[in-house]
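Since the structure comes first, as structure tokens, the remarks are kept for the end.
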Number of protein chains: 2
Amino acid sequence: MSRKNTQTRTRILTAAWHLLETDGTVRMSDIAKQAGISRQALYLHFPSRAELLIATTRYLDEVKHVDERLTANRAARSGREKLSLFVEVWGNYIPEIHGVARALMAMQDSDEEARNAWADRMHAVREGCEAAVDRIEADGLLAPGLDRKTASDLIWTLLSVRNWEQLRLGCGWSQEAYIAQMKRLAELTVIAPDR
Amino acid sequence: MSRKNTQTRTRILTAAWHLLETDGTVRMSDIAKQAGISRQALYLHFPSRAELLIATTRYLDEVKHVDERLTANRAARSGREKLSLFVEVWGNYIPEIHGVARALMAMQDSDEEARNAWADRMHAVREGCEAAVDRIEADGLLAPGLDRKTASDLIWTLLSVRNWEQLRLGCGWSQEAYIAQMKRLAELTVIAPDR
DNA sequence: AAGTCAACTTGACACGGCGTCAAGTTTTTC
DNA sequence: GAAAAACTTGACGCCGTGTCAAGTTGACTT
């Protein structure tokens, strides 16, 4: 791997992280200043703004142990429980990565790498949705008229960062309200109604 | 009013519209070329890119008669029917404005005017949601545990342009499938279940 | 103690888009 | 046929990203 200077690298990444968390628009020069190095030195560690942001998300994922969190619902005893746990875990993860996510989403139009990186992250989320849906189908509880793909698409869309933004930031919801409603909607969406 | 030259103005607006419809990234120079005038002449009609895009959405709204369409569900006999009609009308309007919407959403971070203009458009949609929700409550069918605000927030979020993008473009859904599922979800979300 | 190498600094510059300005030309209007 | 409006051309400033060249600094050899 031979990283230039691991210390500086992580200083940059945490600088980017914290800035993105609070501030809307973050320039390379801002990150450099916060990390205590020159703007040009950033390019000794990352080839472009896009790659720096991508590295920041990976860094966050690592520090915050996303993967473990997202698969923490392995032990769920039912599809319903698995879905509920997944909504809770992912829904509560969103606010922690929202700053970086925002920045990465913003450059999707202009930067192919950013697009791929984000698509990749979202793919991991999608797999969580699929796992829950598969289990629900195995339980024989998949809502009539839905196939697995459609059901996963719906849950995945429901749990998008944009929707979180709109409800929490746009509509002023509390995080608890968000989680509660998402659980309710997710169940309503893919689980066959009692009768 | 005293518009410089109305002909040129609408040439610009239709040029912007058509470009945005097909192409992802559209520069001022592209619009000028398409309209058959010089780039600088655009600024004789619109003070900035943001205002040009805003004017383009207004132009589209006018040409396509959004307002009439969005209120076409006045005659609905029940809240349920009103909601269904609203989902159908708005959901089928999204693809027609998607190009411009995309561009306007993209500059939300950088431009306050664009932000306000978009918020304003979305406010109109929200009113449609509220009207349906109010009617549903009047019918005594609002799902237990939901207040009007929460219900409207949910429907409004469900019907966001971003969600349409994700399902139609990201997941490859047909427009019909999109409409059908949105109707189903909207009802499930806010209407009390049969018993 | 001299030498080397990696990490970093400073200052300059190109590029792409937006927006502006000044000076000229064409078209309309009266 | 003169004045006013609409538009053109060419140049320029601003901003942020990314690049380049020529230093400086400190640590590690030998």
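- Using modelled atom types, one finds no donor on one side chain facing an acceptor on the other under 3.5 Å when comparing A:Gln34 with A:His18.
- Minimum atom distance to the side chain of B:Tyr43 is reached by C:dG19, of the listed D:dT8, D:dT17, C:dG19.
- For B:Ser48, whose side chain is taken as the heavy atoms from C-beta onward, the closest listed nucleotide among D:dC7, C:dG19, D:dT17 is C:dG19.
- D:dG18 atom P lies 7 Å from atom CE of A:Met107, rounded to whole Å.
- As a whole-Å value, the separation of B:Gln7 CD from D:dA5 P is 18 Å.
- For A:Lys33 and C:dT9, the NZ to C1' distance is 16 Å, given to the nearest whole Å.
- Residue B:Met28 places its side chain closer to C:dG19 than to any other of C:dG19, C:dT9, D:dC7.
- Side-chain contact, A:Gln166 with A:Trp173: no donor N or O sits under 3.5 Å from an acceptor N or O.
- None of A:Leu154, A:Leu158, A:Ile155 except one satisfies the side-chain contact (heavy atoms from CB on, under 4.5 Å) rule with A:Cys129; the exception is A:Ile155.
- The separation between A:Leu53 atom CG and D:dT17 atom P is 10 Å, rounded to whole Å.
- Residue A:Arg27 contributes atom CZ, which lies 13 Å from atom C1' of D:dC14 at whole-angstrom precision.
- Comparing D:dT17, D:dC7, D:dG10 by their closest approach to the side chain of B:Gln40 singles out D:dG10.
- B:Arg11 has its CZ atom 14 Å from the P atom of D:dA6, to the nearest Å.
- At most 12 non-hydrogen atoms from other residues, nucleotides or ligands lie less than 6.0 angstrom from CZ of A:Arg148.
- Here A:His45 reaches the OP1 or OP2 of C:dC8: one of its side-chain N or O atoms lies under 4.0 Å away.
- Separating the CZ atom of B:Phe46 from the C1' atom of C:dT20 is a distance of 18 Å, rounded to the nearest angstrom.
- With no hydrogens or angles considered, no side-chain donor-acceptor pair links A:Asn92 and A:Tyr178 at under 3.5 Å.
- One interatomic measurement links the two molecules: CG of A:Leu42 to P of D:dT19, which rounds to 12 Å at whole-angstrom precision.
- At C:dG17, none of the side-chain N or O atoms of B:Ser29 fall inside 4.0 Å of OP1 or OP2 (strictly under the cut-off).
- Checking B:Arg39 against A:Val26, the closest nucleotide of DNA chain D that is more toward the 5' end is the one next to B:Arg39.
- Comparing C:dG17, D:dC7, C:dG19 by their closest approach to the side chain of B:Arg49 singles out C:dG19.
- Between B:Thr8 and D:dA6 there is no side-chain polar atom (N or O) within less than 4.0 angstrom of OP1 or OP2.
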